[in-house]
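Have a look at the structure below, then the notes.
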Amino acid sequence: MTPRHYTSVLDLTREETMEVLDRAARLRHEWHADHKVLKRLRGYTLAAIFEKPSLRTRVTFEAGMTQLGGHAIFLGPQDIQLGVRESIADVARNLSRWVQIIAARTFAHSTVTELAAWSRVPVINALSDLEHPCQALADFLTLQERFGQLQGLKLAYVGDGNNVAHSLLLMGALLGIDVAVAAPAGYAPRREILEQAQRLAERSGATISVTQEPREAVHGADAVYTDVWASMGQEHEAEQRRQIFASYRVTAELLAATGKPRTIFMHCLPAHRGEEVSAEVIDGPQSVVFEQAENRLHAQKALLLWLLGR
Ligand code: CP
Ligand code: NVA
């Protein structure tokens with residue numbers, strides 16, 4: 001049987017995504033109540049492949065497997081050297097014989113989809129240059145918990161139209177949440193992602209918009225989200241990007257420009273205080289960044305169970 005994968009937000013339907021989010025909320029509640037380790041994934045192993053550094057994704061996948069009664073094996077850049085020491089297809093076909101699920105953080109998105117194409121077990125995108133769907137799951141869980149429901153919300157994303165922005169756009173459009181992006185010229189989200197989001201939004205009723213003007217994007221927003229200006233692999237562009245993005249910093253003034261007193265500030269982390277966000281905002285009362293980080297754990301536990309049919 002072909003396994004279900006989560007290489008993109010769009011690998012799950014709206015209903016399936018809501019199912020995972022509801023399960024995540026229950027898992028979060030149960031975990032807070034008694035920290036009980038479940039037995040649902042007893043004997044199950046996750047192979048976690050990382051071509052790039054990670055704090056949150058690595059720890060939440062490993063801790064999540066432990067809390068579900070299973071086990072995770074971390075495979076860093078030096079361990080398997082995907083596509084160098086061995087082809088992606090061979091790595092996928094080997095791992096499929098030993099483990100029940102794979103998560104992969106890669107440079108090229110095609111590495112994740114190629115793993116999935118050859119794998120007999122589910123493959124999860126743990127961040128690629130195109131998408132970060134697990135982050136989006138945790139973020140929409142955070143929104144749902146903060147506001148009680150997702151319907152009627154508006155999320156504004158200010159900064160680089162990157163992997164995180166792409167997954168937020170797709171999930172917003174899928175679930176019917178308005179997403180407005182403000183990015184400098186040349187740094188907007190990719191055209192194919194915007195087209196997919198627009199198509200989904202027509203069905204879900206969401207409004208998707210892109211502007212170069214941060215104040216326009218945040219108007220009426222319930223959440224203002226930003227991410228680093230230079231993603232992993234773009235370090236050599238960091239200085240140039242600091243200049244291009246200088247007027248895209250999320251400050252207290254920009255947060256106030258939403259016109260809503262309850263607007264929350266979101267960031268996937270790691271953050272650079274004084275660059276994409278001021279310290280005052282990220283460390284202030286409207287910031288939910290550590291809620292988002294915690295929710296990575298609950299959202300991914302729910303996703304693991306869903307993909308494994310447990
Ligand atoms: N947000 C996120 O994915 O963090 P890491 O890069 O630390 O995993
Ligand atoms: N856009 C960032 C997200 C890190 C979690 C990156 O790809 O480095």
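This is a predicted model, so every value here is computed, not measured. All ligand and atom numbering here is 1-based and tracks the order in the structure.
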Is the closest basic N to carboxylate O distance between [X] and [Y] below 4.0 Å?
X	Y	result
Glu30	Lys36	no
Asp11	Arg4	no
Arg28	Glu291	yes

*If you measure from each non-hydrogen atom of Leu269 to ligand 2, which part falls under 4.0 Å: side chain, backbone, both or neither?*
backbone
*Using heavy atoms and a threshold below 4.0 Å, how should the contact between Asp129 and ligand 2 be classified: side chain, backbone, both, or neither?*
neither
[X] atom [atom1]: more than 12 heavy-atom contacts under 6.0 Å:
X	atom1	answer
Arg120	CZ	no
Glu253	CD	no
Arg14	CZ	yes
Trp118	CH2	no

N/O of [X] under 3.5 Å from N/O of ligand 1, yes or no?
X	value
Met232	no
Arg58	no
Pro270	no

Report, in ascending order of atom number, the atoms of ligand 2 lying under 4.0 Å from any heavy atom of [X].
X	result
Asn163	1 (N), 2 (C), 6 (C), 7 (O)
Asn162	1 (N)
Leu127	3 (C), 4 (C), 5 (C), 7 (O)

*From the candidates Gly233, Cys134, Ser231, the one that places a heavy atom nearest atom 2 (C) of ligand 2*: Ser231
For [atom], find the nearest protein heavy atom and state the residue, atom name and distance (0.1 Å precision).
atom	value
atom 8 (O) of ligand 2	Met232 N, 2.8 Å
atom 6 (O) of ligand 1	Arg105 NH1, 2.8 Å
atom 4 (O) of ligand 1	Arg56 NE, 2.8 Å
atom 2 (C) of ligand 1	Arg296 NH1, 3.3 Å

*Backbone, side chain, both or neither: what part of Lys52 comes under 4.0 angstrom of ligand 1, heavy atoms only?*
neither
_Leu269 contact mode with ligand 1 (heavy-atom cut-off under 4.0 Å)_ = backbone
*Are side-chain N/O atoms of Gln198 and Glu202 paired as donor and acceptor at under 3.5 Å?*
no
*How far apart are the C-alpha atoms of Thr111 and Thr106, what are their side-chain angles, what is the distance that settles it, and do they pass the side chain to side chain donor-acceptor pair (under 3.5 Å) test?*
CA-CA 7 Å; Thr111 303; Thr106 65; 4.8 Å; no
*I would like to know whether Thr60 and Gln300 meet side chain to side chain donor-acceptor pair (under 3.5 Å); could you show each step before the answer?*
CA-CA 8 Å; Thr60 51; Gln300 287 157 203; 2.9 Å; yes
*Rounded to the nearest 0.5 Å, how far does OH of Tyr248 lie from OH of Tyr187?*
11.0 Å
*Going by the order shown, which atoms of ligand 1 are within less than 4.0 Å of some heavy atom of His132?*
2 (C), 3 (O)
*Which ligand 1 atoms does Leu55 reach within 4.0 Å, using its non-hydrogen atoms?*
5 (P), 7 (O), 8 (O)
